[in-house]
Visitor: 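There's a structure below that I have some questions on.
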Amino acid sequence: MARSFLSHGSPAAVAPAMALFRHAPCRRGLSQLAAARPVPGLGGVVRRARGRRNNVAPAVSTGDYGTSRCASFATDMPHAPTVLSLDSINPLMRAMRYAVRGPLVVRAEQHAQAIRNGEPRPFEKVIFCNIGNPQSVGQKPVTLARQMLAACTFPDAIESAHLPADVKRRANDILSHSSGTGAYSESRGISVVRDVVVDFLRRRDGFDATPETIFLTNGASEGVKAMLDLVIRDMYDGIMIPIPQYPLYSAGITIKGGTQVGYYLDEARSWQLDINELYSRLSEARTEGVRVRALVIINPGNPTGQVLNKENLQQIVEFCETEQLILMADEVYQENIYGDTPFISLKQVVCEMDSPVELVSFHSTSKGMYGECGVRGGYMELHNFLPEIVEEVYKAVSVNLCANIFGQVMVHTMLQPPVPGEESYDLWKQEYDQLFQSLKRKATKLELGLNSIEGVSCNQIDGAMYAFPQITMPQNAINEAERLGMQPDAFYCFQLLDHTGVCVVPGSGFGQRAGTHHFRTTFLPPEDEIDTMLSSLATFHAEFLDKYG
């Protein structure tokens, strides 16, 4: 039988809370949980990759930007004592960071509202480049997606002459296997949608898949959180994550009381992964007493925009097999490929190598060409996990009853596109290609534009929706940031926003090598706004260097 890292046979192999809540009455379950899993205090927030331990979070979280003294919602009026205060909430909640929607974005929204109110600003509008949310910055929905949602939400519309016949067939297929968008589905998701996922995986990878190991989720994020729940038992369990990384992982590990084990991507090699770096960071973590249990791979990269080649993926699988690690593959940007390196799934590589590595893969309708972030559609596939572990995951997702039905409809739509000869194919193909070519042009424009600015350098953008350029920070600017209690790149990004209206995210919110400074920017706004953004950035950066250089 293939080796399994997660099993009921090894003591506390899964998070004990996961194993307890089905089998024990409430009172007994709580007492067992208290005995089985130490309740971590502040010492449970261990981020050894950064050398931080026993940290008390600042009163106002600012990502990893530093501290911020924001206005309180409290008034001067007396009020009764409250049960919850910043000193009495879960300390892991206070320690958690999520830079993508931090205080800089709050400031950007304040600027945008001020402009709507007619208040003067030194810029005409705020250009939001902080988050991969395509439709919020002007991307139009794909017609097929909206037709499918309309037909499934209002079945009477299926009789309309305005809907293509193949859309009607798809909608009827979903409705005949469910109770409509207003009812819960089965916990794994609507059966016909999971069948579509299986067909997609077979076409993509050339290997079999099964509906029983497919779980439809509210975006990929929900699947990631479910797996972290499964794997992390206490503060000594470690998850290896790339640096820079998407803050979902650091936040998720922190709130669950685990340990982040960061491994650096190689900026000098276009953010590729050095397998020796993995072995080095794993050894360091184990020396410090961390039980490393899983490795996270984000491919294509967020925030770095790289695409891993097949040799690199094979090394990753071999590493996980040798070191007995679960492999978590975040592949939500697999359609967003602009360079010469093709996307290859880790499922394909694991199967080609006939590896027993336990692999969980995540995908989402929020990215690609659809950009349906608000619909919250996604799935995860479990591969090489023991049947009893799959059942534990089923139990966990059942607590949430099911993924939202609109998201499930969108997964079906994304993974079963029209084919030549079907009624909706021509319009779908036209819209899809236009969206892809626009993203590709904007990726090239952004990369070239950033590299044309003195003191800014950007690696080639091969995939995803982001660039992660490095910026020159004069020592005087670093000193000023320290005086204000801010990270230097956060200071830079706040200044950039206040002077130009360009909203990006400081690199410190994603992690970076000591002594380097970056920011993450999307290239999702309209192409003319990318031109404005680059022009504003170039002028600002030159003035910033003059002021602090």
Side-chain angles (χ1 to χ4, degrees), residues 47 49-52 55-71 94-112 122-123 126-132 243-251 254 260 262 267 302-304 450 453 455-458 466-522 533 536-537 540-541 543-545 547-549:
R47 297 198 289 177
R50 296 188 182 180
R52 292 181 60 181
N55 285 1
V56 179
V60 179
S61 173
T62 59
D64 271 342
Y65 304 168
T67 58
S68 172
R69 300 187 179 277
C70 298
R94 289 188 67 189
M96 186 177 68
R97 303 286 189 271
Y98 188 67
V100 174
R101 290 185 180 243
L104 192 140
V105 181
V106 173
R107 177 83 67 85
E109 293 285 1
Q110 291 170 345
H111 282 312
F123 41 85
V126 175
I127 301 177
F128 287 93
C129 298
N130 60 294
I131 192 169
I243 303 297
Q245 54 97 27
Y246 177 48
L248 164 67
Y249 293 96
S250 55
T254 296
Q260 301 167 41
E267 186 171 11
N302 176 8
T304 43
L450 290 170
I453 302 172
V456 178
S457 62
C458 179
Y466 315 100
F468 198 67
Q470 185 170 163
I471 53 176
T472 299
M473 289 288 290
Q475 187 59 48
N476 288 338
I478 294 172
N479 295 342
E480 179 64 10
E482 291 176 350
R483 186 185 70 81
L484 296 172
M486 301 177 70
Q487 293 286 348
D489 51 11
F491 172 70
Y492 179 94
C493 291
F494 271 100
Q495 293 286 308
L496 174 65
L497 171 64
D498 290 342
H499 286 82
T500 70
V502 174
C503 181
V504 297
V505 186
S508 50
F510 301 89
Q512 56 195 341
R513 286 191 181 274
T516 66
H517 309 287
H518 301 78
F519 62 80
R520 189 192 78 165
T521 177
T522 73
M533 173 263 201
S536 299
L537 175 62
F540 167 80
H541 191 75
E543 293 174 351
F544 186 86
L545 294 181
K547 180 176 181 179
Y548 294 103

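For clarity, every value in this text was computed on a predicted model and none was experimentally measured.
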Visitor: Can you name the ring-ring contact (aromatic ring centres under 6.0 Å, His included) partners of Phe128, sequence neighbours left out?
Guide: none
Visitor: Rounded to the nearest 0.5 Å, what separation is found between the CG atom of Asn479 and the CZ atom of Phe491?
Guide: 10.5 Å
Visitor: May I ask you to decide if the ring planes of Phe540 and Phe544 are parallel, tilted or perpendicular, using 30° and 60° as cut-offs?
Guide: tilted
Visitor: OH of Tyr492 to NE2 of His541: how many Å apart, nearest 0.5 Å?
Guide: 5.0 Å
Visitor: Sequence neighbours excluded, which residues qualify as side chain to side chain contact (heavy atoms under 4.5 Å, CB included) partners of Thr516?
Guide: Gln470, Gln512, Arg513, His518
Visitor: Would you give the length of the straight line joining atom NZ of Lys547 to atom CD of Glu543, rounded to the nearest 0.5 angstrom?
Guide: 10.0 Å
Visitor: Ignoring hydrogens and geometry beyond distance, is a side-chain donor-acceptor pair present between Asn476 and Glu480 at under 3.5 Å?
Guide: no
Visitor: Is the shortest side-chain heavy-atom distance between Pro244 and Phe468 below 4.5 Å?
Guide: yes
Visitor: Run through Leu497, Val504, Leu496 and flag the one making a side-chain contact (heavy atoms from CB on, under 4.5 Å) with Leu104.
Guide: Leu497
Visitor: So, Asn302 side chain and Tyr246 main chain: donor-acceptor pair closer than 3.5 Å or not?
Guide: no
Visitor: Taking Gln495's backbone N and O only, do any of them form a donor-acceptor pair with His499's side chain (distance below 3.5 Å, no angle check)?
Guide: yes
Visitor: Please check this pair: side chain of Ser536 against backbone of Met533, looking for a donor-acceptor N/O pair closer than 3.5 Å.
Guide: no
